[in-house]
Amino acid sequence: MLKEEELEKLKNDCNDCHRCSLGATRNNIVFSDGNPNAKILLIGEAPGADEDATGIPFIGRAGKLLTKLIEDCGMTRKEDFYICNTVKCRPPENRVPTDEEKELCKNFLLEQIKTVQPKVIVLCGATSAKSFLGNKIKISQIRGNWYKVFDNIDATVIFHPSYLLRNHSEAEGSPRWLTKQDLYKIKDFVS
Ligand code: URA
């Protein structure tokens with residue numbers, strides 16, 4: 001089966017999913033955006049209101065900032081990224097998804113990774129990083145680090161754009177500046 005067909009089938013399965021309570025309150029599943037043939041697979045936390053309304057990940061304020069940072073570093077989210085989240089449905093009030101919700105949704109994420117076969121996984125924010133690196137991590141201590149989470153796929157960690165929305169400075173050493181350095185390294189790694 002073609003990659004696109006496999007992902008479409010998975011998306012249809014996800015549409016039918018009511019394994020956790022988020023299935024009862026969602027308007028849309030938020031499965032993915034970008035290029036299934038991309039070398040970079042980015043995993044965010046969970047859909048927010050804009051994502052739930054449209055079915056597209058990272059489309060609200062945080063998403064617009066993420067898109068801008070990606071473009072500032074000479075990449076596009078349409079071509080260079082496959083974008084998804086740890087859970088595919090919006091948690092009420094934008095709360096952090098629980099470990100149980102993440103676990104019940106993880107198979108969809110693992111199948112996405114297996115099908116896309118990226119060269120690098122970008123764990124965007126603490127919730128995403130914790131899913132693969134354990135709950136003890138501190139995002140400010142591990143962002144910019146590189147890990148082997150699967151045999152042939154490297155992973156790295158960046159700040160979540162919601163955090164960057166609260167930190168406007170672009171000065172050297174600031175979270176936005178560090179994120180751009182991280183994105184440049186990711187770009188170099190895949191080119
Ligand atoms: N924040 C996320 O982590 N994911 C989205 O899709 C939108 C906002």
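Remember, it's 1-based here, ligands and their atoms both numbered in the order they're listed. Note that this is a predicted model, so its numbers are computed, not measured.
In this structure, Glu101 does not pair ionically with Lys106, as no charged nitrogen and carboxylate oxygen lie closer than 4.0 Å. A salt bridge is absent between Glu71 and Arg77: the closest approach of a Lys/Arg side-chain nitrogen to an acidic carboxylate oxygen does not fall below 4.0 angstrom.
Note on ring orientation: taking the six-membered ring where Trp is involved, the planes of Phe150 and Phe132 are perpendicular (angle over 60°, cut-offs 30° and 60°).
Cation-pi geometry between Lys11 and Phe108 is not met: the NZ or CZ atom fails to fall both under 6.0 Å from the ring centre and inside 45° of the normal.
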Quiz item: Which is it for Glu170 and Lys180 under the salt bridge (Lys or Arg N to Asp or Glu O under 4.0 Å) test, yes or no, and what are the steps along the way?
Solution: CA-CA 9 Å; Glu170 306 237 343; Lys180 280 197 191 174; 3.5 Å; yes

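Protein residues having at least one heavy atom under 4.0 Å from any atom of ligand 1 are Gly44, Glu45, Ala46, Glu51, Pro57, Phe58, Asn85, His160, listed by chain and number.
In this structure a side-chain-to-backbone donor-acceptor pair under 3.5 Å is missing from Gln112 to Leu7.
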